Amino acid sequence: MHKDYSKAEWDFFIVALKEEARTVLHQVGSNTDPQTLVESVLPDLEALAPPKEGVDDDTEKEIWNKIREILLDAAYKTRPYCIRCGECCTRCSPTLVEEDMNLFMKEILTPEKVTTIRKGEPAYSTVTQKVGPAEVEMLKIRESPQATTCLFYNPIDRSCTIYESRPLQCRAQECWQPGNVEETAALPKLARKAILQATGPLWEIIERHEERCSFEELGRVIARLSATKGQTIEDLIDLLGFDEHVRDFVSEQFNLSRSATDFFFGRPLRQAIVYYGLTVEDQPDGTFLIKPIEEGSRE
């Protein structure tokens with residue numbers, strides 16, 4: 001029993017732990033008894049038990065978050081195998097590393113099935129589990145529209161349609177051993193240059209687009225827009241217009257689907273400006289209107 005607790009308080013703490021353990025075990029699909037799970041990690045949990053007095057709600061919440069992490073880690077270790085729950089496939093799609101180049105050579109992956117996250121673009125990290133600017137360019141398998149589910153995931157039988165040829169990140173994905181994913185995340189990322197540099201004119205267009213429409217440039221244009229209180233809106237319109245023009249031109253000249261341009265040029269800037277609190281509205285005359293996102297309407 002923790003030295004700062006009376007017997008009644010400690011008994012209540014243990015009951016709360018068992019309920020948390022029950023929730024965690026259900027989440028990971030383990031049949032282990034909650035009592036057994038709690039007992040296996042009790043030495044670690046005792047050190048985190050809050051003292052009787054002087055703890056505000058935020059600190060107590062942080063402590064329980066740590067308790068849950070310990071229980072979750074222990075629960076996964078009681079079930080060291082895949083139960084095809086689909087969580088890793090529906091949480092986000094995999095990021096490709098250099099070793100995945102062979103998937104393009106075998107045409108398992110094509111431009112229509114991959115999207116580019118450019119340097120500086122807000123992106124979700126499976127390691128930090130937060131959204132932040134991408135430190136380097138990344139290629140990711142596309143996700144289902146309006147969802148974060150991998151394109152190759154079949155929800156009917158909870159299977160991967162390219163399982164035997166899945167990317168390295170997927171092969172390393174073992175929820176009971178999270179360190180595997182962290183090691184894979186540290187590997188060199190596959191980038192467009194390795195795949196497309198030999199395409200000649202197309203690669204030259206991609207380089208020109210990157211110079212003109214980088215996220216660094218987008219940030220500068222939006223910063224000027226804010227500093228001038230909207231007086232430089234034409235600069236942003238020109239930038240978004242150039243981005244759209246390049247995509248249309250390449251689609252027509254190289255006979256590519258418009259969806260494939262997300263691989264060649266990354267996500268359209270008109271979609272990306274939502275992270276800056278702006279949105280684009282198409283007008284009947286073919287032009288578009290840029291306006292602030294209304295408070296409370298952001299996704």
Side-chain angles (χ1 to χ4, degrees), residues 92-93 95 110-125 131-149 151 191-192 196 202-299:
C92 67
S93 64
T95 299
T110 60
E112 289 79 11
K113 298 173 182 177
V114 178
T115 188
T116 295
I117 303 296
R118 296 188 292 142
K119 183 179 179 180
E121 180 175 354
Y124 175 80
S125 168
V131 174
E135 296 182 1
V136 297
E137 179 179 309
M138 299 181 291
L139 302 183
K140 288 178 64 68
I141 289 180
R142 279 181 174 275
E143 297 173 344
S144 301
Q146 309 304 319
T148 57
T149 301
L151 177 69
R192 291 172 294 175
L196 300 171
L202 177 56
W203 178 245
E204 291 175 6
I205 295 173
I206 292 171
E207 288 190 305
R208 171 58 182 142
H209 174 269
E210 190 62 31
E211 292 173 2
R212 179 74 174 84
C213 299
S214 67
F215 273 85
E216 184 179 3
E217 177 62 19
L218 176 62
R220 282 196 291 264
V221 169
I222 290 181
R224 286 198 299 271
L225 180 66
S226 176
T228 62
K229 298 182 179 181
Q231 295 302 307
T232 56
I233 187 66
E234 288 300 323
D235 292 344
L236 181 56
I237 292 175
D238 288 344
L239 189 64
L240 268 58
F242 181 82
D243 179 54
E244 290 293 307
H245 168 73
V246 169
R247 293 167 191 274
D248 290 338
F249 174 80
V250 168
S251 294
E252 181 179 344
Q253 292 297 313
F254 294 89
N255 193 29
L256 299 169
S257 66
R258 182 56 190 263
S259 63
T261 62
D262 284 5
F263 167 67
F264 296 108
F265 304 107
R267 184 167 47 166
L269 292 185
R270 60 183 292 156
Q271 294 178 16
I273 64 171
V274 67
Y275 289 104
Y276 298 89
L278 300 171
T279 187
V280 175
E281 228 178 60
D282 292 312
Q283 301 299 298
D285 62 358
T287 61
F288 54 83
L289 176 67
I290 299 174
K291 63 179 187 178
I293 298 176
E294 296 181 6
E295 194 68 30
S297 64
R298 298 190 192 188
E299 296 181 357

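All values reported here derive from a predicted model rather than from experimental measurement.
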Between CD1 on residue Ile290 and CD on residue Glu234, distance to nearest 0.5 Å: 9.0 Å
Nearest non-hydrogen partners of Ala260 and Glu112, listed with the distance: CB-OE2, 3.8 Å
Minimum heavy-atom distance between Phe265 and Arg192, given as atom pair plus value: CA-NH1, 3.9 Å
Non-hydrogen side-chain atoms of Asp262 and Arg247 separated by less than 4.5 Å: yes
Pair Glu244 + Arg258, salt bridge at N-O below 4.0 Å: yes
Heavy atoms of other groups near Glu252 CD, more than 12 under 6.0 Å: no
4.5 Å side-chain heavy-atom contact, Phe242 and Val246: yes
Sub-4.5 Å side-chain heavy-atom contact between Asp243 and Arg267: no
4.5 Å side-chain heavy-atom contact, Leu139 and Phe263: yes
Interatomic spacing from CG in Leu236 to CD1 in Ile233 - rounded to 0.5 Å: 5.0 Å
Short N-O contact, Arg208 and Glu204, less than 4.0 angstrom: no
Check: Glu281 side chain, Lys291 main-chain N or O, donor-acceptor pair, under 3.5 Å: no
Glu207 atom CD, neighbour heavy-atom count above 12 within 6.0 Å: yes
Nearest-0.5 Å distance, CD1 of residue Ile273 to CG of residue Leu218: 7.5 Å
Separation of Ser251 OG from Phe264 CZ (nearest 0.5 Å): 9.0 Å
Side chain Gln271, main chain Pro268, donor-acceptor under 3.5 Å: no
Leu269 to Cys213 - nearest heavy-atom pair and separation: CD1-CB, 3.9 Å
Minimum-distance pair of heavy atoms, taken over all atoms of Thr228 and Thr232: OG1-OG1, 3.1 Å
Enclosure of Asp282 CG (heavy-atom neighbours >12, cutoff 6.0 Å): yes
Residue pair Glu143 / Cys92, side-chain heavy-atom distance below 4.5 Å: yes
Spatial distance of atom CG (Leu196) from atom OG1 (Thr116) [nearest 0.5 Å]: 8.0 Å
Closest approach of Val250 to Leu256 (non-hydrogen atoms, all atoms of both residues): CG1-CD1, 3.7 Å
Heavy-atom side-chain contact between Ile205 and Phe249 under 4.5 Å: yes
Interatomic spacing from OG in Ser93 to CZ in Arg142 - rounded to 0.5 Å: 10.0 Å
